[in-house]
K.L.:
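Can you keep this structure in mind? I'll have questions shortly.
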Amino acid sequence: MSFSSDVKEELFEVYPKARHCQIAETAGITAAVARAVPETGAVRVETENEKLIEKYFTLLEQTIKIDKDDHNTISPSYGKKLRELLKTDGDDFTVTNPVLYEQDCCRRSFLRGFFLAAGSVSDPSKSYHFEMVCRNGQQAEEVQQMIAEYECDPHIVERKGHYVVYLKEGSQIETMLGLLGASKAYMDFENARILKEMRENVNRQVNCETSNIRKSVSAAVRQIEDIRFLQESGHFSELSPNLQEAARLRLANPEMPLYELGQKCSPPVGKSGINHRLRKIGQMAYDIRNQEDIT
C-alpha cells in the first residue's frame, strides 16, 4: 500500500470520544462527499471507499442512531436529522456551520474526516506533498483557514474543476499528521524526513567537496603550466628565491593541497602564503604572455 493509504488505515481506527467531536468529523466527511437528493430529501454519500462509508455511518449511529437504507444512502427522515445535526438549513453540504469546529479538538476532527474523504499525502522518502481536494473555492478557503490555525502555510490551486488545498513543507505536513491523530504515520514521516535530509546534506557535502577538488586540480594544472612557461621562455631565473622555491615544490607535488605545500617551504608558510606566491608566479606568466602577443 501507499503511504497515503497507510495514513488513512490508521485514521479509520481513530474515533472521537466526545459527541461534539464526533459531529465535527461527521461534518468533515459530509462536506467532502455527501450530496442531497432534492427530489426526495435523501442524502447520498458519493464514495466507493467501504471503510470510509463504514466509519461515516458508525459516526452517525453514535450521534443520531442512524441506519442506512441502502448502500451509502441516507433516507429522507434521517437526512432531516443529519441537517439538524450539522446545523444547516439547505442542501449545500459544502458549507459547514463554523460553530461545529470552534474548538481545537473539533477542528482537528473535522479535518480528519475531510482528509479521509478527500485527502492524500505523498511518500516522504520521495517528495513532500499533502492535499485536500475541495468542491469549490469557498470550501477551499474554509479548509485553508482551518489548517492555517496550526502555523502552517497552505496554498490553493485549481485543478480539473476542483480547488486543492495543499502543503509542501515537510515539517508542516508532519504537524498535520499529528493533528489528525495519525501517531504512527507521524513517526514514520519524521524518520523518513530526517533520513532524507541527512542524505541531502551528505550529497551537498560530497558535491561541494567534489567541486572544491575540481577547482584545486584546475588551479594546480594552471600553476604548473605557468611555471613551465616561465622555464621554457627563459624567465624562470627572474623569480625571487621564495617564488622559485614555491614553483619547484608545485612541480614536484602537483596534487598536494596548498596547506601541505606551504609546510614544505623553508621556513614553512600557511595556505594563504603559498597561495600568494603561486598567484604572483601566475601574474608574471600572464604579463609575459601579453607582452609577447603585443610584439
Side-chain angles (χ1 to χ4, degrees), residues 1-12 14 24-36 44-49 51-53 55-56 86 88 90-98 100-102 104 106-182 185-186 188-190 192-194 196-197 200:
M1 291 197 303
S2 67
F3 181 78
S4 188
S5 297
D6 290 340
V7 174
K8 290 189 176 184
E9 284 295 317
E10 182 177 0
L11 293 179
F12 280 133
V14 178
E25 186 161 350
T26 301
I29 299 174
T30 303
V33 295
R35 290 186 185 274
R44 181 78 178 172
V45 184
E46 296 184 335
T47 178
E48 298 301 321
N49 189 320
K51 288 196 173 183
L52 178 62
I53 295 171
K55 181 168 191 180
Y56 185 57
L86 302 183
T88 178
D91 288 335
D92 185 3
F93 294 116
T94 65
V95 179
T96 304
N97 192 323
L100 298 181
Y101 53 81
E102 283 182 337
D104 174 68
C106 293
R107 188 160 52 245
R108 297 184 186 199
S109 295
F110 179 93
L111 289 171
R112 178 169 55 250
F114 200 96
F115 175 80
L116 282 171
S120 64
V121 57
S122 63
D123 186 336
S125 65
K126 299 177 181 178
S127 64
Y128 298 146
H129 185 82
F130 175 100
E131 70 176 37
M132 294 186 184
V133 181
C134 303
R135 294 180 176 181
N136 53 49
Q138 180 180 350
Q139 187 179 71
E141 291 176 1
E142 178 183 342
V143 172
Q144 181 187 41
Q145 290 171 7
M146 276 191 273
I147 295 176
E149 291 288 329
Y150 299 103
E151 298 184 357
C152 294
D153 185 26
H155 299 277
I156 299 175
V157 63
E158 187 175 359
R159 184 198 300 159
K160 297 180 180 178
H162 293 85
Y163 291 80
V164 181
V165 181
Y166 68 93
L167 295 170
K168 283 289 189 181
E169 176 62 42
S171 60
Q172 295 180 12
I173 297 173
E174 197 173 288
T175 296
M176 284 306 303
L177 293 175
L179 291 170
L180 296 178
Y186 173 91
D188 291 343
F189 191 98
E190 183 178 38
R193 184 167 70 91
I194 292 172
K196 183 179 180 181
E197 290 178 358
E200 289 175 349

K.L.:
Taking the side chain as every heavy atom from C-beta outward, state whether Phe3 and Asp188 have any pair of such atoms under 4.5 Å apart.
P.N.:
yes
K.L.:
When you compare the side chain of Tyr128 with that of Lys168, does any pair of heavy atoms fall below 4.5 Å?
P.N.:
no
K.L.:
Is any side-chain heavy atom of Arg193 less than 4.5 Å from a side-chain heavy atom of Ser171?
P.N.:
yes
K.L.:
Check step by step if side chain to side chain contact (heavy atoms under 4.5 Å, CB included) holds for Leu179 and Tyr186.
P.N.:
CA-CA 9 Å; Leu179 291 170; Tyr186 173 91; over 6 Å; no
K.L.:
Under a 3.5 Å cutoff, is there a donor and acceptor pairing between the side chains of Ser125 and Asp123?
P.N.:
yes
K.L.:
Measuring from atom CD of Glu190 to atom CD of Glu174, what distance do you get when rounded to the nearest 0.5 angstrom?
P.N.:
4.5 Å
K.L.:
Please identify each residue that fulfils salt bridge (Lys or Arg N to Asp or Glu O under 4.0 Å) with Asp92, with sequence neighbours left out.
P.N.:
none
K.L.:
Atom OH in Tyr163, atom CD in Glu141: separation rounded to 0.5 Å?
P.N.:
9.0 Å
K.L.:
Tell me whether Lys55 contacts the main-chain N or O of Val14 through its side chain, where contact means a donor paired with an acceptor under 3.5 Å.
P.N.:
yes
K.L.:
Within a reach of under 6.0 Å around CD of Gln138, are more than 12 heavy atoms found that belong to other residues, nucleotides or ligands?
P.N.:
no
K.L.:
Name the residue from Glu25, Glu149, Met132 that meets the side-chain contact (heavy atoms from CB on, under 4.5 Å) definition with Leu111.
P.N.:
Met132
K.L.:
Any chance you could measure Gln144, atom CD, to Asp153, atom CG, to the nearest 0.5 Å?
P.N.:
8.0 Å
K.L.:
Determine the interplanar angle of the Phe130 and Phe115 rings, folded into 0 to 90°, and report it as parallel if under 30°, tilted if 30 to 60°, perpendicular if over 60°.
P.N.:
parallel
K.L.:
Quick one: does any side-chain atom of Ser122 pair with a main-chain N or O of His129 as donor and acceptor, under 3.5 Å?
P.N.:
yes
K.L.:
So, for Ser4 and Ser120, which heavy atoms are closest and what is the spacing to 0.1 Å?
P.N.:
OG-CA, 3.3 Å
K.L.:
Can you tell if the side chain of Tyr101 reaches within under 4.5 Å of the side chain of Ser109, non-hydrogen atoms only?
P.N.:
no
K.L.:
Applying side chain to side chain contact (heavy atoms under 4.5 Å, CB included), run through Leu86 and Leu100 and close with a yes or a no.
P.N.:
CA-CA 7 Å; Leu86 302 183; Leu100 298 181; 4.2 Å; yes
K.L.:
If you measure from CG on Leu177 to CD on Glu10, what distance do you get to the nearest 0.5 Å?
P.N.:
8.5 Å
K.L.:
Quick check: closest heavy atoms across Val165 and Cys134, and the distance to 0.1 Å?
P.N.:
CG2-SG, 3.9 Å
K.L.:
Quick one: pull up CZ in Phe114 and CD in Glu142 and give me the separation to the nearest 0.5 Å.
P.N.:
8.0 Å
K.L.:
Looking at every heavy atom in both Lys8 and Leu116, which two are closest together, and how far apart are they?
P.N.:
NZ-O, 3.4 Å
K.L.:
Could you state the interatomic distance from CE (Met176) to CD1 (Ile147), rounded to the nearest 0.5 Å?
P.N.:
4.5 Å
K.L.:
Would you sort out whether Thr88 and Asn97 count as a side chain to side chain contact (heavy atoms under 4.5 Å, CB included), showing the intermediate values?
P.N.:
CA-CA 7 Å; Thr88 178; Asn97 192 323; over 6 Å; no
K.L.:
May I have the list of side-chain donor-acceptor pairs in residues 28-36 shorter than 3.5 Å, sequence neighbours left out?
P.N.:
{"from": "Thr30", "atom 1": "OG1", "to": "Thr26", "atom 2": "O", "distance (Å)": "2.7"}
{"from": "Thr30", "atom 1": "OG1", "to": "Tyr56", "atom 2": "OH", "distance (Å)": "2.7"}
{"from": "Arg35", "atom 1": "NE", "to": "Glu46", "atom 2": "OE1", "distance (Å)": "2.6"}

K.L.:
So do the side chains of Thr175 and Glu151 get within less than 4.5 Å of each other, counting heavy atoms only?
P.N.:
no
